[in-house]
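Reading through the structure tokens given below for one structure.
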Amino acid sequence: MLDDFLHFTLRNETPEQAAGAAPSGVRWRWLGQGMLELTPPHQVDAHMVLSAGVHGDETAPIEILRDLVTDIANGTLPLAVRVLVLFGNAPAMSAGKRYLDDDLNRLFSGAHRELPQSAESPRAAALEHAVAAFFDEAAGARWHLDLHTAIRPSVFERFALLPHRDAAYGEAVFEWLAALDISAVLNHRERSNTFTYFSSSQHNALAATLELGKVMPFGMNDLTRFTKVADGLRLMLAASPLPATGAKPRIFDVVGQLDKHSERFVLVVGSQMANFTAYPKGTLIASDGDYQYAVTHEEERIVFPNPKVKVGLRAGLMVVERG
Ligand SMILES: O=C(O)CCC(=O)N[C@@H](CCC(=O)O)C(=O)O
Ligand SMILES: [Zn+2]
């Protein structure tokens, strides 16, 4: 199972034993499809949730996590933190789709209870439960990195989104993300139903969504584009310091959200632009009956434009760079 946790998960297999020890001495516990806890044989003071495949067609990060698990199991990667590896939506991964019924990353913090019939709702509940149980036993640092890829190309190939929290994120967080080869960071300024908002708000984890390149089918990713991110994750898992890069990511604040109120929703500027495309003040971005979104800052950039989302969901974010 540990040598290829991805295929084990996609085949929906159940291990003969639910727990054991790898050749490296790392103890493992299988917690259900796509859910694996790995604990080093010695005392740790950091606990890390690493998730990918919350959107089933975002495969590069899934392949990165698969390789990390293999290397932890065979001892190539000396694990020194406790880690919970989660493949979010295995049925959607098998189908090569973002989701089957509903976007899993809009169902956390209990939102799944509003959609009891959805294929994704029990999964959101199970993931919440796994994360809660993992952090319940956690004394020390708590991290959650939820790895995604974007549908559109991006001015910044690798960027992060930080969930809203009351306390501002300090410089150390931006330095840490720069060391993970992240060149732009978005600060959410509102609560949401994403996985990272759940871990941050309910479990006090330092949580970030990382966007690593573009959606591709399994086997089609050029993982060399993410070597620095993967190496950074390896250092974190080995509890080794990340290299000081001296680089600073560009920082953006979310200043608006494009809401799809009805099927009349139109992205007036089109939907084929790259993430972080800039528009000047006054540009009409979207309309939906009486609802209109026009740029009110000197310049706003669009991120995740997607008019095809379900009614009621966000069809894009508008961001402004911090001065
Ligand atoms: O490219 C897109 O349109 C979506 C990429 C993606 O899945 N992004 C995440 C971001 C989560 C966040 O806002 O923190 C999502 O939309 O769920
Ligand atoms: Zn995603």
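Because only heavy atoms are used, hydrogens play no part in the values below, and waters and symmetry mates are left out as well, while side chains stay in. One-based numbering, in listed order, for ligands and for the atoms of each. Just so it is clear, the structure is predicted and the values come from calculations on it, not from any experiment.
- Ring geometry for His47 against Phe134 counts as perpendicular: the plane angle is over 60°, on a 0 to 90° scale with 30° as the lower cut.
- For His55, the N, O or S atom with the smallest separation from the Zn ion (ligand 2) is ND1.
- Using cut-offs of 30° and 60° on the angle between ring planes, the pair Trp143 and Trp176 is parallel.
- With respect to the salt-bridge test (charged N to carboxylate O, under 4.0 angstrom), the residues Glu58 and Arg98 qualify.
- Note on His148: its N/O/S atom closest to the Zn ion (ligand 2) is ND1.
- At least one N/O/S atom of Glu58, from backbone or side chain, sits under 2.8 Å from the Zn ion (ligand 2).
- Of the residues listed (Leu31, Leu86, Val69), the one engaging Leu36 in a side-chain contact (heavy atoms from CB on, under 4.5 Å) is Val69, and it is the only one.
- Aromatic ring orientation, His203 versus Phe198: perpendicular (interplanar angle above 60°, classes split at 30° and 60°).
- Relative orientation of the His55 and His148 rings is perpendicular, given thresholds of 30° and 60° on the angle between their planes.
- With hydrophobic clusters built from ILVMFWY side chains whose heavy atoms lie under 4.5 angstrom apart, Leu223 does not share a cluster with Phe159.
- Contact shell of ligand 1 (protein heavy atoms, cutoff 4.0 Å): His55, Glu58, Arg98, Asn105, Arg106, His148, Thr149, Ala150, Ile151, Leu161, His188, Thr194, Thr209, Glu211, Phe304, Arg314.
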